[in-house]
Amino acid sequence: MTMPSSTAAASPGALGVAPTSHLAPVFAQFPIEIAHGEGVWLTTRDGRKILDFYGGHAVAGLGYAHPRWLAALERQARQMAFQTNALGLAVRERAAARLTRFAGLGLDTVFWLNSGAEANENALKLACKITGRSRVVALEHGFHGRTAAAGAVTWGAAAKWYGFARTPFEVRFVARDDVGMLEGAIDAQTAAVIVEPVQGMGGAFELSTPFLQSLRGRCEETGALLIFDEVQCGVGRTGTPFAAHRSGVVPDILTAAKALGNGFPVSALLLSRRVARSLKLDDLGTTFGGGPMACAVAEAVIDTIESEALLANVRTVSTYLKAHCRVGPVTGVRGAGFLLGLTTSRPAKEVQAALLERNVLTGTSADPHVLRLLPAYIINESHVDRLLEALAQVSP
Ligand SMILES: Cc1ncc(COP(=O)(O)O)c(C=O)c1O
């Protein structure tokens, strides 16, 4: 058998991946290669130091190489790197207790998984199973992941990348904050409503409290389960443990991932008593979910957020950023905590490129005029000043 030569591999030159790459050509890439990260700073292979306001797409909540995170990984790897859920582990129990206490929402049962999409997939499956219904309501501009059920409730997926011939359930999309649409859209056939309380990909858009309260009320009336996808906006990113704290609306199922592991894959479903009570053996399963490394890391992340008072830092620095960010091409700001969208007079992608030339890394979103900031919770005002200086140099 002849091996393919390296040049016969996918050649997505237009996407910025080297033509000799063996990686699937599915990601557009920034024109830099990262060699090292520490705190909120990235060092490129050619020695540039870049201030990171993107946080590995909302993952690096503690920043890079945080000593507590490193210590937890090393300690757990030496003690027990992996065990199946068929065997009990103190670290798994401890991390679940820690997560529910941190959340403080009365969602006291945890099911561990590995990624955001996987968490949403299981949440939706559970809702369909518990209710025996086959319709799901989601929001326009929402993003929930790339798997069959999570992709089905992701706005625009069908037109862009969904790929499956059928969705696992019927989906209805509702406009953001449109209370008037809820009564018609959510009925006795609805298994679940899934929303991000602060939409990430949708451009750092925070749903209003009256809308979330109406959603909660309509779910009560119809028996549908309310799912909060806090994969991006949760685990401290909005300056509260979860974004649910901002509205006071508590879902039946909450999904968390990204910052929960600070780079080690881990996600979780937090379940209400009603949902937990309906579970029986074998309803859910996973090999890697609840692995000891993931649990040790989640525990360390929450410990660090609390012991270093990072929620207060997110709130303080976010307020500072919001107050001063209207410089250069920035016309306004939306979102919450460290999930912020700077609205831009020019296309956000152009502003992003200009900032990267000035050694500041930022994100964009599905809204072409929103530059998204997802920095680590340890970012301070002097880092914000650097961002503002760079923005001031970009023409409006
Ligand atoms: C709100 C939200 N839900 C789900 C996901 C999917 O998570 P993952 O990429 O870990 O599957 C993402 C990813 O960006 C997200 O932002």
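Please read these numbers as outputs of a predicted model, since none were measured by experiment. Counting starts at 1 for both ligands and their atoms, following the listed order.
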Chemist: Scan side-chain atoms only and decide if Arg358 and Gln393 contain a donor-acceptor pair under the 3.5 Å cut-off.
Modeler: yes
Chemist: Touching ligand 1 at all, His57? Heavy atoms, strictly under 4.0 Å?
Modeler: yes
Chemist: Do you know which of Leu260, Leu99, Leu62 makes side-chain contact (heavy atoms from CB on, under 4.5 Å) with Val301?
Modeler: Leu62
Chemist: Would you confirm whether any non-hydrogen atom of the protein falls under 4.0 Å from atom 9 (O) of ligand 1?
Modeler: no
Chemist: Is a donor on one side and an acceptor on the other found under 3.5 Å between the side chain of His383 and the backbone of Asn380?
Modeler: yes
Chemist: Using 30° and 60° as the class limits, which term best fits the ring planes of His245 and Phe242: parallel, tilted or perpendicular?
Modeler: parallel
Chemist: Check whether any N or O atom of Val231, backbone or side chain, sits under 3.5 Å from an N or O atom of ligand 1, and answer yes or no.
Modeler: no
Chemist: May I ask you to identify, for His144, whether its side chain, its backbone, both or neither come under 4.0 Å of ligand 1 on a heavy-atom basis?
Modeler: backbone
Chemist: So, is Gly116 polar-close to ligand 1, with some N/O to N/O distance under 3.5 Å?
Modeler: yes
Chemist: Does the pair Asp367/Arg372 count as a salt bridge with the N-to-O cut at 4.0 Å?
Modeler: no
Chemist: By number and element, which atoms of ligand 1 are closer than 4.0 Å to a non-hydrogen atom of Ala117?
Modeler: 6 (C), 7 (O), 8 (P), 11 (O)
Chemist: Any heavy atom of Arg146 sitting closer than 4.0 Å to ligand 1?
Modeler: no
Chemist: Return the residue, atom name and 0.1 Å-rounded distance of the protein heavy atom closest to atom 14 (O) of ligand 1.
Modeler: Lys258 NZ, 2.9 Å
Chemist: Of the backbone atoms (N, CA, C, O) and the side-chain heavy atoms from C-beta on, which set of Met201 has a member under 4.0 Å from an atom of ligand 1: side chain, backbone, both, or neither?
Modeler: neither
Chemist: Given Thr147, Asp229, Val59, which one has a non-hydrogen atom that is nearest to atom 3 (N) of ligand 1?
Modeler: Asp229
Chemist: Does Leu284 reach the side chain of Thr286, with side-chain heavy atoms less than 4.5 Å apart?
Modeler: no
Chemist: Step by step, would you call Phe338 with Phe53 a ring pair (Phe, Tyr, Trp, His ring centres under 6.0 Å)?
Modeler: CA-CA 9 Å; Phe338 281 174; Phe53 270 85; 7.9 Å; no
Chemist: Which bit of Asn120 gets closer than 4.0 Å to ligand 1, counting heavy atoms only: side chain, backbone, both or neither?
Modeler: side chain
Chemist: Determine whether the side chain, the backbone, both or neither of Gln199 has a heavy atom under 4.0 Å from any heavy atom of ligand 1.
Modeler: neither
Chemist: Return the residue, atom name and 0.1 Å-rounded distance of the protein heavy atom closest to atom 16 (O) of ligand 1.
Modeler: Gln232 NE2, 2.8 Å
Chemist: Does Thr364 use its side chain to pair, donor to acceptor, with the backbone of Ala348 at less than 3.5 Å?
Modeler: no
